[in-house]
Amino acid sequence: MRYSQYLLPTLKETPADAEVVSHQLMMRAGMIRKVAAGIYSYLPYGLRALRKMEQIIREEMDRAGAIECLMPMANPAELWQESGRWEKYGKELLRFKDRKSADFCMGPTHEEVITDIIRNTVNSYKQLPLNLYQIQTKFRDEIRPRFGLMRGREFVMKDAYSFDLEDAGADDSYRKMYQAYRNIFNRCGLKFRSVEADSGAIGGNFSHEFMVLAESGEDGIVSCDSCEYAANVEKAELIYGDLATPVATQDLTKVDTPAQKTIEDVAKFLKVEASQLVKTLIVQTSDDEVLAVLLRGDRELNMIKLTNLLDVDWVLLAEDDVVKEATGAPTGFAGPVGLKIKVIADAEIKGMADFVVGGNAVDVHYSGVNLERDFTVSQFADIRQAVAGDPCPRCDGGKFESWRGIEVGHIFKLGTKYSEAMNATVLDAEGKSRPLVMGCYGIGAGRTVAAAIEQNHDEYGMILPMPLAPFQVLVTMLNPKDDQVRDAAEKLYQQLLDLGIEALLDDRDERPGIKFKDADLIGIPLRVTVGARNLKEGNVELKARADGETVMVGLDDVAAQLQQRVADALAFEPGN
RNA sequence: CGGGAUGUGGCGCAGUUUGGUAGCGCACUUGACUGGGGGUCAAGGGGCCGGAGGUUCAAAUCCUCUCAUCCCGACCA
């Protein structure tokens, strides 16, 4: 491709409405343009990166035995009513009517459509297992789209659905996808973790997320420093080991804590560590229950764990008036002593003695508080957020490290939820009708490209990994008016094309500075500069975008060398 | 959906407090010079100031409504 004939509109300045690096750089490098909130056009350069991503996904899915298909964006309401999600999905489901006033929605995911296909085409266990996937544009009317491609309303996703006769087979399908996903992200050259995840509304307790490690990631994850265990902090299990049996040495004492509301305030005021405090959170559940939750002062509540423990739809921190009613004091002074409502405590509390709690009255706390003697807890459980340094639940002596991650893939075991709701059954060997056991597997293609940029950039621009780069080699023709330079660059460009290398020739009549700045910005991994200065010696300059390493290469050797370097950068062994 | 902010040539911004002929930088067009890190000079083109209504002799500026976008919280690839 010739730059002079391409559409690659780079921006010198960062657009005001782009917050995260990937969004800023994708705008600046002429990859995308916004059309509406969370809705973007892919410009040619961005589309090439997206297509690279899609092709890697396609190849690894095919390798894993999945079969590509393509389902429609417009879904009839009937299918969604059948699964029950027409009512349940809420406002994120974009609904509309056709000319006959029939209800439709834009597909945010395709369990309904694929299940409909399978129930109409598969009747026997002999046709199983099956795993179908598509790479398609999804629409979810997100409450708050943000960060460019990171959370769009319209986005390109690969979604796959597996169908098995039995649970064991479904587990096998799941494992194949797990491996395929590892292959995909490894092949992209991304640093990532596959982590155990909460399966959320979909149910089941078998789910992994694939997280590209990046500081700007929206998710917190922990991984063990000595074994394979890794999990979303929402999910990360904690072990409490043999907690020392607490021995009370102090009497319950009421202390005045004027205007000391936060944990930090109280700890400082009483000259104790935050870990010597127990905080009491008043929460409300979807079942309209109000209860108290106890945590060590320096810990954070994990809402997901609590929601799962209580088996409710949601849990929220109580409104101020509810707190007042439950504790008799304004928010900030709740404590378990004398409290009438049910109390749930993080298991860690069991090992504590002589701690400080709120006094259920303004400016009052209790010190020297002890379990059983001063109050009782109806249930101890793992309800706190995991942090770095916590012991690993799967191995001896391992400790958690913590990371930020961008969720680029998620795999679930669905079980028979949809097959039962939609009556998707096959006959087994005994001629008995059985619901299919399903799994579903998603990858955000556009988001993965954004995540790759989030992980690979510097102050000058993006540093694209070779497998995702729109072009593999950039040939910069320094002065197009110099015949020697022009001829040499043109010749090299042609050689590269003949070798099957994806090359961009910067043949614009621009000053060198502009070409170098643009080259840094758009992040093509390998760059050859053809200029009069080095050409005199018969050389060109070969520079790697990633480490800036620069070598002089003879004009006649450079094409072969580039071919080798591109091949090396693309080499990939599936597995691990 | 709650809270906060912003809408002025393609991009980044000033002008709004205190109404009075719409401005700057970059980009763009033409010409010349220049040619290894966003170069110089000269001459140009482009915006009814998000939209609607109101106040006024006069509105980018004041008032009302509205739309859009961005950021922070509960959801998700």
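Just so it is clear: chains get the letters A, B, ... in the order the sequence lines come, proteins before strands, and each one is counted from 1.
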Grab the CD1-P distance between Ile143(A) and G73(B) for me, whole Å please. 13 Å
Would you kindly give the CG-to-P distance between Leu93(A) and C76(B), to the nearest whole Å? 14 Å
Distance check needed: C11(B) C1' versus Leu8(A) CG, whole Å only. 16 Å
Rounded C1' spacing from A22(B) to A60(B) in Å: 8 Å
Gap in Å between the two C1' atoms, one belonging to U61(B) and one to G7(B), rounded: 14 Å
For C70(B), which nucleotide in any strand shown is its Watson-Crick or wobble partner with both distances under 3.5 Å? G4(B)
Mind checking Asp219(A) for me? I need base, sugar-phosphate or nothing, with any heavy atom below 4.0 Å counting as a touch. base
Side chain of Lys515(A), backbone of Met477(A): donor and acceptor closer than 3.5 Å? yes
What is the distance, rounded to the nearest whole Å, between atom CD of Glu142(A) and atom C1' of G73(B)? 15 Å
Please name all residues satisfying side-chain contact (heavy atoms from CB on, under 4.5 Å) with Ala381(A), sequence neighbours left out, ordered by chain then number. Leu309(A), Ile383(A)
When you measure from the side chain of Arg95(A) to the backbone N and O of Trp86(A), does any donor-acceptor pair fall under 3.5 Å? yes
Once you apply a heavy-atom cut-off of 4.0 Å, does Pro108(A) come out as touching a base, just sugar-phosphate, or nothing? nothing
With both distances kept under 3.5 Å, what pairs with U40(B), Watson-Crick or G-U wobble? A32(B)
By side-chain contact (heavy atoms from CB on, under 4.5 Å) - contacts of Ala451(A) (at least two apart): Val212(A), Ile406(A), Val408(A)
Assign Thr14(A) to base, sugar-phosphate, or nothing according to its heavy-atom contacts below 4.0 angstrom with the strands shown. sugar-phosphate
Do Arg140(A) and C76(B) have a side chain to base donor-acceptor pair shorter than 3.5 Å? no
Pair assignment for G23(B), Watson-Crick or G-U wobble, requiring both distances under 3.5 Å: C13(B)
Strictly under 4.0 angstrom, non-hydrogen atoms only: write out the protein contact profile of nucleotides 31-40 of chain B, one letter per nucleotide from the 5' end, B, S or -. ---BBBBBB-
With sequence neighbours excluded, give me every side-chain hydrogen bond (donor to acceptor under 3.5 Å, both in side chains) pair touching residues 24-39 of chain A. Asp17(A)-Lys34(A)
In whole Å, what is the span from the CZ atom of Phe139(A) to the P atom of C76(B)? 17 Å
Which whole-number value in Å describes the distance from Ile32(A) CD1 to C11(B) P? 15 Å
In whole Å, what separates the C1' atom of C62(B) from that of G20(B)? 14 Å
Length of the CD-P vector between Glu218(A) and C76(B), whole Å: 13 Å
Going by side-chain contact (heavy atoms from CB on, under 4.5 Å), Val195(A) matches just one of Glu234(A), His208(A), Lys235(A), Met211(A). Which one? Met211(A)
Looking at residues at least two apart in the chain, or sitting in another chain, which of them share a side chain to side chain donor-acceptor pair (under 3.5 Å) with Ser162(A)? Tyr441(A)
Write down the partner of A60(B) under the Watson-Crick or G-U wobble criteria, each distance required to be under 3.5 Å. none
List for me each residue that meets side-chain contact (heavy atoms from CB on, under 4.5 Å) alongside Glu13(A), sequence neighbours excluded, and say none if there are none. none
Salt bridge present between Lys158(A) and Glu54(A) (N-O < 4.0 angstrom): no
P spacing across the pair C70(B) / U8(B), given as an integer number of angstrom: 14 Å
Glu234(A) has an atom CD; how far is it from atom C1' of C76(B), in whole Å? 10 Å
For C67(B) versus G53(B), give the span between their C1' atoms, rounded off to a whole number of Å. 14 Å
Set of residues satisfying side-chain contact (heavy atoms from CB on, under 4.5 Å) with respect to Ala36(A), sequence neighbours excluded: Ile39(A)
With P as the reference atom in both, quote the distance from A52(B) to U16(B) in angstrom, rounded to an integer. 24 Å
Paired with G47(B) by Watson-Crick or G-U wobble geometry, both distances under 3.5 Å: which nucleotide is it? none
Pairwise N/O distances under 3.5 Å, protein to nucleotides 68-72 of chain B:
| from | atom 1 | to | atom 2 | distance (Å) |
| --- | --- | --- | --- | --- |
| U69(B) | OP1 | Ala37(A) | N | 2.9 |
| U69(B) | O3' | Lys34(A) | NZ | 3.0 |
| C72(B) | OP2 | Arg144(A) | NH1 | 3.2 |
| C72(B) | OP2 | Arg144(A) | NH2 | 2.6 |
| C72(B) | OP2 | Arg146(A) | NH1 | 3.4 |
| C72(B) | N4 | Arg144(A) | NE | 3.4 |

Rounded to whole angstrom, note down the P distance from G45(B) over to U40(B). 22 Å
Which whole number of Å gives the distance between the C1' atom of A43(B) and that of U6(B)? 37 Å
By salt bridge (Lys or Arg N to Asp or Glu O under 4.0 Å), which residues pair with Asp287(A), not counting sequence neighbours? none
